[in-house]
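To keep things clear, I will list the structure first and then write my remarks on it.
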Amino acid sequence: MRYFVHISYNGLQYNGWQKQLNVLNIQGVIENALTQIFKVPVFINGCGRTDAQVHASQFFFHMDIAQEWDFDLIFRLNKLLPLNIAVYDVIPMEGLPHARFDAVQRAYDYFLHTYKDPFLNGLSSYYLLENLQWDQMKAAVALLPQYKDYRAFCTSPDKYEHTLCYVRSASLMVDEKGEKMRFQISSNRFLGKMIRIIMGQLLKIGQGTLSVEEFESHLISRKTPALITPAHPQGLYLSKVTYPYLNLPPRVDFSAVLQKHADTNWKAL
């Protein structure tokens, strides 16, 4: 029987999702826990391959389990897994759907703050920046859904059959003081370090060292910029994965930490 498993994780301590020898990775930690529970080797396939120190507020993997169980698998998994990985749902699936190849849309969020904050360390990227040109950055973000080939914003474009990405939406949000930022982007697929490279280019635009026209010229020509500076990984979250047959809301939303609402003010009882 094939099962989809809905999870989230804080990736700061991990060398990414994918299983690798001699480094801590999320896939390997989960497989070890499942193997310990079922007493046979269990292998899983994830919906993507997040980089080292990148988070996922929603993530799915699939696994094939031959035996039935009569215990609370979610409870046991969460007891065995470290606190930075959480399991929410185990969903039996008909046929052999694939967690990675069947996904029709993925959404990412990138969070940034511009002042030192020990409570955001590792959960949002810290850049000591002032007076960013938000209007120019937003103008560049608005260009993204207009283009389909993202070869220019990829570290290793030649390893892909093609570099087409159908970006459905992209937006930039800033708090009232201009101290915190949230960049959202959704597409059917993403290339290696694509979002962090775009974010790095947007920061150059915000600082006035890159124009919106130069940014767009790379999308038009598909030529990689002479100097690529990917943004820090800690602010990046895989935040939503959608399938034709499965569309669950995320169970966690880190944006609440970075947003200021009147109803979040503490009051003495």
Side-chain angles (χ1 to χ4, degrees), residues 11-12 15-18 20 23 48-55 106-115 122 124-174 178-239:
L12 188 63
N15 198 56
W17 161 265
Q18 190 171 8
Q20 304 171 61
V23 295
R49 299 177 180 178
T50 53
D51 293 337
Q53 299 186 302
V54 172
H55 316 292
R106 295 172 175 85
Y108 279 84
D109 283 86
Y110 191 93
F111 295 99
L112 176 151
H113 58 289
T114 60
Y115 59 92
S124 169
S125 288
Y126 169 48
Y127 283 90
L128 186 58
L129 300 171
E130 294 182 348
N131 303 316
L132 288 171
Q133 299 177 29
W134 297 113
D135 57 336
Q136 295 297 301
M137 293 173 70
K138 288 182 179 179
V141 168
L143 294 170
L144 295 174
Q146 301 178 33
Y147 291 89
K148 294 181 175 62
D149 197 325
Y150 281 82
R151 181 181 180 86
F153 297 144
C154 175
T155 51
S156 305
D158 292 332
K159 76 175 185 179
Y160 298 96
E161 289 185 11
H162 65 84
T163 50
L164 299 178
C165 300
Y166 298 100
V167 175
R168 292 178 171 89
S169 64
S171 61
L172 192 68
M173 291 159 274
V174 187
E179 296 176 334
K180 299 174 184 175
M181 185 213 75
R182 180 184 186 182
F183 170 56
Q184 282 187 314
I185 184 169
S186 65
S187 176
N188 67 318
R189 68 194 289 257
F190 291 93
L191 308 174
K193 292 187 172 60
M194 172 178 157
I195 300 170
R196 290 173 55 200
I197 291 172
I198 290 174
M199 192 66 244
Q201 295 296 97
L202 293 177
L203 288 175
K204 291 178 183 180
I205 292 171
Q207 295 172 85
T209 59
L210 180 71
S211 69
V212 176
E213 291 73 23
E214 289 173 305
F215 177 81
E216 186 175 19
S217 71
H218 293 294
L219 288 167
I220 296 171
S221 68
R222 302 186 298 122
K223 292 182 179 179
T224 304
L227 179 62
I228 289 181
T229 309
H232 304 326
Q234 299 93 330
L236 184 59
Y237 291 72
L238 174 57
S239 51

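This chain uses plain numbering: 1 for the first residue, then up along the sequence.
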Would you please indicate if the ring centroids of [X] and [Y] are separated by under 6.0 Å?
| X | Y | answer |
| --- | --- | --- |
| Phe153 | Phe215 | yes |
| Phe190 | Tyr108 | yes |
| Phe111 | Tyr237 | yes |

How long is the straight-line distance from [atom2] of [Y] back to [atom1] of [X], given to the nearest 0.5 Å?
| X | Y | atom1 | atom2 | answer |
| --- | --- | --- | --- | --- |
| His218 | Asp149 | NE2 | CG | 14.0 Å |
| Thr229 | Arg196 | OG1 | CZ | 11.0 Å |
| Gln234 | Gln53 | CD | CD | 4.5 Å |
| Asn15 | Gln20 | CG | CD | 5.0 Å |
| Phe183 | Leu236 | CZ | CG | 10.0 Å |
| Ile198 | Leu143 | CD1 | CG | 11.0 Å |

Of all the heavy-atom pairs spanning [X] and [Y], show the shortest one and how long it is.
| X | Y | value |
| --- | --- | --- |
| Val167 | Tyr150 | CG2-OH, 3.5 Å |
| Ala152 | Ile228 | O-CD1, 4.4 Å |
| Val141 | Ser171 | CG1-N, 3.6 Å |
| Ala170 | Leu144 | CB-CD1, 4.0 Å |
| Met194 | Cys165 | SD-SG, 3.9 Å |
| Glu214 | Ser217 | O-OG, 2.5 Å |

For a side-chain contact (heavy atoms from CB on, under 4.5 Å) with Met137, tell me which candidate from Gln207, Met181, Lys204, Gln201 qualifies. Met181

Can you spot which of Leu202, Leu203, Ile205 makes a side-chain contact (heavy atoms from CB on, under 4.5 Å) with Leu210?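 Output: one option passes, namely Ile205.
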
Side chain proximity check, [X] to [Y], heavy atoms < 4.5 angstrom:
| X | Y | value |
| --- | --- | --- |
| Asn188 | Arg168 | yes |
| Lys180 | Val174 | no |
| Ser239 | Asp109 | yes |

Give a yes or no on whether the backbone of [Y] and the side-chain of [X] come within a donor-acceptor separation of less than 3.5 Å.
| X | Y | result |
| --- | --- | --- |
| Arg151 | Lys223 | no |
| Gln136 | Gln133 | no |
| Ser186 | Arg106 | no |
| Thr114 | Glu179 | yes |
| Ser187 | Tyr166 | yes |
| His55 | Gly122 | yes |
| Tyr127 | His232 | yes |
| Ser156 | Lys159 | no |

Working for side-chain hydrogen bond (donor to acceptor under 3.5 Å, both in side chains), residues Tyr110 and Gln184: CA-CA 7 Å; Tyr110 191 93; Gln184 282 187 314; over 6 Å; no

Please assess Lys193 against Asp51 for the test side chain to side chain contact (heavy atoms under 4.5 Å, CB included), listing each intermediate value before the final yes or no. CA-CA 8 Å; Lys193 292 187 172 60; Asp51 293 337; 3.5 Å; yes

Side chain to side chain contact (heavy atoms under 4.5 Å, CB included) partners for Leu128, two or more places apart: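 By the side chain to side chain contact (heavy atoms under 4.5 Å, CB included) rule, Leu128 matches Tyr126.
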
